[in-house]
Each structure stands twice: as structure tokens, then as C-alpha cells.
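Report on the following structure.
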Number of protein chains: 2
Amino acid sequence: MKPNHDFTSKLKQAGIRVTPQRMAIYSLLMDYKNHPTAFMIYEQIRENFPSISLMTVYNTLNMLADRGLINVLGHAGDDSVHYDADIEPHVNLACISCHNIVDINSKYVNQMTNEINSTSGYQLFGARVLFYGNCPACQNQSRSH
Amino acid sequence: MKPNHDFTSKLKQAGIRVTPQRMAIYSLLMDYKNHPTAFMIYEQIRENFPSISLMTVYNTLNMLADRGLINVLGHAGDDSVHYDADIEPHVNLACISCHNIVDINSKYVNQMTNEINSTSGYQLFGARVLFYGNCPACQNQSRSH
DNA sequence: TTGTTATTTTATAATTATTATAATATTGTA
DNA sequence: TACAATATTATAATAATTATAAAATAACAA
């Protein structure tokens with residue numbers, strides 16, 4: 001049986017040369033579901049690659065995004081860009097207080113994607129469906145003021 | 001008959017003090033459909049208010065966004081934030097070549113919004129539903145290389 | 001209207017996310 | 001192994017956004 005995520009071949013298929021840093025960044029983004037920023041990734045990776053530079057993280061993320069292997073979510077109330085390794089159209093839900101982003105399921109996303117694909121005339125690369133508000137935990141915190 | 005857009009009362013209702021600069025920024029964002037960045041707004045407004053500062057534009061946009069009068073769309077292939085005065089949930093379609101953003105209708109947006117409102121537990125403030133790709137014009141340009 | 005106070009606007013400087021550059025290191029391959 | 005192409009790193013540069021504080025303006029009471 002083959003491994004669930006064959007990162008190496010995915011990178012190669014996309015024409016991206018395989019290096020330990022890229023593997024670490026890509027697999028971190030695939031494994032974690034927390035939609036991190038470049039800096040958050042940098043801090044994580046540094047535990048295993050103490051000499052990695054933030055530039056490498058940015059280079060890798062831009063490369064992965066250009067080839068369509070990851071998705072750029074944009075800001076989440078803070079001012080840095082969040083990334084998502086889940087490139088299937090789906091809904092993200094961002095909390096503008098704690099800046100966490102979670103995935104949720106919606107039966108309408110695929111229908112909407114198909115609709116736009118067939119009617120817009122655009123050559124679509126991806127979607128960023130992000131609802132924002134206060135998560136349950138942050139709603140409770142603001143009550144206790 | 002009352003005017004279609006009563007900017008003054010909208011600002012007042014939101015607790016925002018009315019100034020000529022704020023009126024100009026808000027009405028520009030309501031009238032134009034091109035989802036501009038802060039700098040694009042600055043350049044437009046400067047034709048009527050030669051001494052306006054970019055800081056005022058940022059202050060006003062942040063204030064309008066905080067009170068929920070406008071929507072923050074995030075980046076569109078460039079690296080500055082785009083704004084939208086249409087706060088009804090709707091679909092934006094961004095071209096990553098020319099960085100234009102247009103609105104399109106989708107019958108699924110409202111259904112999706114209601115679904116998330118009732119099932120997520122989040123206190124929702126807005127949505128950013130953005131599909132990206134190449135617009136028809138830019139597809140033609142890239143063919144002629 | 002006029003005077004007073006709080007709020008805004010503006011100019012300037014500071015911050016910070018991201019990108020550019022160039023030297024060094026590593027990868028793929030003959 | 002050795003060569004050529006590409007990647008990584010450290011550093012500096014860029015540019016969007018925010019902070020600060022003085023000057024200007026809006027709200028409002030008398």
C-alpha cells in the first residue's frame with residue numbers, strides 16, 4: 001500500500017526540486033490544519049532546521065502557490081497572509097479576535113464553484129471562501145469585560 | 001422622494017462624525033464598483049481634496065470596516081488590501097493578471113451564508129467569497145506571446 | 001452666532017511584512 | 001566524482017500600514 005501523502009512525487013510532478021526544507025514546509029502545511037502565516041511556519045520549521053531563513057519559507061510558499069499546490073487565504077484580521085494546503089474549494093471561518101481559521105463543510109461550495117466555472121468565462125485557479133466573525137470562545141471572553 | 005444613498009445619515013447612525021473627507025471616501029466607494037485599494041482611493045480623492053493625506057484614507061477605511069459599513073476583501077494578486085462597499089454577501093471574481101475585481105451573482109451565496117450562520121456558532125461579521133483566475137481579456141493577451 | 005472642547009486631519013516618522021540581491025551550499029546528473 | 005543548475009542563507013531594500021503629535025475643524029452649548 002502506498003503512503004497517504006507522497007510529498008516527494010507531488011513536488012516533482014509540479015516541477016519543484018525536492019529539498020529537505022521544502023519537504024518540511026509542505027508537509028507541515030499538509031499535516032497541520034491551522035492555516036499558518038509564513039512566520040508561524042518559520043518558527044515551527046526552525047525547531048528542526050535551526051538555520052533556515054524566513055526567505056526560504058516565503059520562496060517555498062510562493063512557489064507552491066504558483067504551481068497550485070497550496071492556497072493563499074489572505075489576511076485574517078491581522079496583517080499577514082495565511083496559507084492553506086487544502087486546495088479543494090471549501091469554506092474557511094476566521095476569528096478576527098484570535099486570528100484562528102478553521103475549515104467547515106458546506107454543501108453549497110461545489111455547486112457554486114461549478115456555477116462560476118461554467119458561466120464566468122474566467123480561467124479559474126482557485127477560490128477563497130472566508131467568513132469572518134467571532135468564534136464561540138472569543139464571544140465568551142468579550143462578555144466577561 | 002428621498003435620495004438613493006443618504007451617506008450622511010449612514011455615517012451618523014454608525015457613530016462616525018461626518019467630515020467632507022469621509023463623505024468623499026465613502027461615496028466614492030459606494031459609487032465605483034472597482035474594489036479599490038487605499039492608494040487608489042487616495043489618488044481619486046486628491047483630485048477634489050488636494051491636501052488629503054493617505055493616513056486619512058486609511059483611518060476612514062478602518063473606521064468604516066470596523067463599523068461594518070464596508071468590507072475588506074484582502075489581496076488580489078498584488079500586495080495591498082482591496083475594499084468593497086457592497087456588504088451583502090456576494091461573489092467577487094479577481095483576475096490575478098490585471099488585478100481587477102468584479103462582482104458576479106450566484107444563487108448559492110445566500111444559502112451558504114444562512115447555513116453557516118445557523119450551524120457554526122460564530123458571530124458572523126461578513127464574508128469574503130473570492131474566486132481568482134484569469135479574466136477573458138488576460139487569457140487572450142497571454143495567448144499572443 | 002460665538003466660544004469651547006473633543007475629534008479630525010495632516011505631515012512626519014516608525015514599523016513590519018515581503019521581496020531583491022549576491023555569496024555560499026546543495027541537488028541532479030553525466 | 002565533478003560539473004552545472006538551482007536552492008539556501010544573510011543582508012539590505014521596498015512598500016503597505018500604523019503611530020505620533022501639532023494644526024485644523026466639527027459639534028454643541030450659551
Side-chain angles (χ1 to χ4, degrees), chain A residues 7-9 11-28 35-67 69-70 72-83 96 99, chain B residues 7-26 28 35-67 69-70 72-83 96 99:
Chain A
F7 300 125
T8 306
S9 65
L11 291 178
K12 279 185 180 167
Q13 276 170 29
I16 297 177
R17 198 183 249 196
V18 177
T19 69
Q21 290 92 337
R22 286 175 181 173
M23 289 289 288
I25 292 167
Y26 185 43
S27 63
L28 182 142
H35 310 79
T37 65
F39 191 76
M40 289 161 71
I41 294 171
Y42 169 66
E43 288 188 312
Q44 281 281 321
I45 302 280
R46 210 155 41 149
E47 297 179 1
N48 293 321
F49 293 81
S51 75
I52 199 174
S53 84
L54 188 51
M55 187 75 251
T56 301
V57 177
Y58 276 112
N59 279 340
T60 303
L61 290 171
N62 286 339
M63 182 169 272
L64 292 170
D66 285 346
R67 313 294 164 94
L69 291 181
I70 64 173
V72 182
L73 295 184
H75 296 173
D78 48 5
D79 52 357
S80 45
V81 172
H82 292 246
Y83 296 86
I96 63 172
H99 305 149
Chain B
F7 301 126
T8 307
S9 64
K10 274 198 179 176
L11 291 179
K12 280 185 180 167
Q13 278 171 27
I16 297 177
R17 199 182 251 195
V18 177
T19 68
Q21 292 91 339
R22 285 174 183 173
M23 289 289 288
I25 292 167
Y26 186 41
L28 182 141
H35 311 79
T37 65
F39 191 77
M40 289 161 71
I41 294 171
Y42 170 65
E43 288 187 312
Q44 282 281 321
I45 302 279
R46 214 158 36 152
E47 297 179 2
N48 294 322
F49 293 81
S51 75
I52 199 174
S53 83
L54 187 52
M55 187 74 251
T56 301
V57 178
Y58 277 112
N59 280 339
T60 303
L61 290 171
N62 286 338
M63 184 170 271
L64 292 171
D66 285 346
R67 313 293 164 94
L69 291 180
I70 64 172
V72 182
L73 295 184
H75 296 173
D78 48 6
D79 52 355
S80 45
V81 172
H82 291 245
Y83 296 87
I96 62 172
H99 304 150

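Both backbone and side-chain heavy atoms feed into the values below; hydrogens, waters and symmetry mates do not. Note on naming: letters A, B, ... go to the chains in the order of the sequence lines (proteins, then strands), and numbering restarts at 1 for each one. Predicted, not measured: the structure shown is a model, and the values here were computed from it.
- Residue B:Gln21 places no side-chain N or O under 4.0 Å from the OP1 or OP2 atom of D:dT25.
- Taking 4.0 angstrom as the limit, A:Thr19 places none of its side-chain polar atoms (N or O) nearer than this to OP1 or OP2 of C:dT27.
- Side-chain N or O atoms of A:His82 include one that pairs as donor or acceptor with a backbone N or O of A:His35 at under 3.5 Å.
- One can place CE of B:Met55 at 17 Å from C1' of D:dA23, the figure rounded to the nearest angstrom.
- Between the CG atom of B:Asp66 and the P atom of D:dT18 there is a distance of 10 Å, rounded to whole Å.
- Atoms CE (B:Met40) and P (D:dA16) sit 13 Å apart, rounded to a whole Å.
- Of the inter-residue distances, the one linking A:Tyr26 atom OH with A:Thr8 atom OG1 reads 10.5 Å to the nearest 0.5 angstrom.
- The listed nucleotides are D:dA10, D:dT18, C:dT10; the one nearest the side chain of B:Asn62 is D:dT18.
- Helix-axis bend for the helix from C:dT1-D:dA30 to C:dA30-D:dT1: the local axis fitted to the five terminal pairs at one end deviates from that at the other end by 40°, rounded to 10°.
- Atom OH of A:Tyr26 and atom C1' of D:dA7 are 19 Å apart (whole Å).
- You'll find the side chain of A:Leu11 reaches within 4.5 Å of the side chain of A:Leu69, heavy atoms only.
- Following rounding to the nearest Å, A:Phe49 (CZ) and D:dT8 (C1') show an atom-to-atom distance of 12 Å.
- Residue B:Arg17 has no polar side-chain atom (N or O) positioned under 4.0 Å from OP1 or OP2 of C:dT9.
- Whole-Å rounding puts the B:Leu54 CG to D:dA16 P distance at 9 Å.
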Can you list, pair by pair, the side-chain donor-acceptor contacts under 3.5 Å of residues 41-50 of chain B, counting residues two or more places apart and other chains?
{"unit_1": "B:Tyr42", "atom_1": "OH", "unit_2": "B:Arg46", "atom_2": "NH1", "d": "3.3"}

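- Residue contacts shown for A:Thr37 are absent, as no nucleic acid heavy atom lies under 4.0 Å away.
- Mapping B:Pro20 and B:Asn59 onto DNA chain D by nearest heavy atom places B:Asn59 closer to the 5' end of the strand.
- Residue B:Thr56 places at least one side-chain N or O closer than 4.0 Å to OP1 or OP2 of C:dT10.
- Every residue two or more places apart in sequence or in another chain that forms a side-chain hydrogen bond (donor to acceptor under 3.5 Å, both in side chains) with A:Ser9 is listed here: A:Asp6.
- As a whole-Å value, the separation of A:Tyr58 OH from D:dA12 C1' is 16 Å.
- Spacing between atom CZ of B:Arg22 and atom C1' of C:dT7 amounts to 8 Å, rounded to whole angstrom units.
- Comparing D:dT17, C:dT10, C:dT8 by their nearest atom to the side chain of B:Met63 picks out C:dT8.
- Here CE of A:Met23 is found 12.5 Å from CG of A:Leu28. Values are rounded to the nearest 0.5 Å.
- Counting heavy atoms from C-beta on, the side chains of A:Val72 and A:Tyr83 come closer than 4.5 Å.
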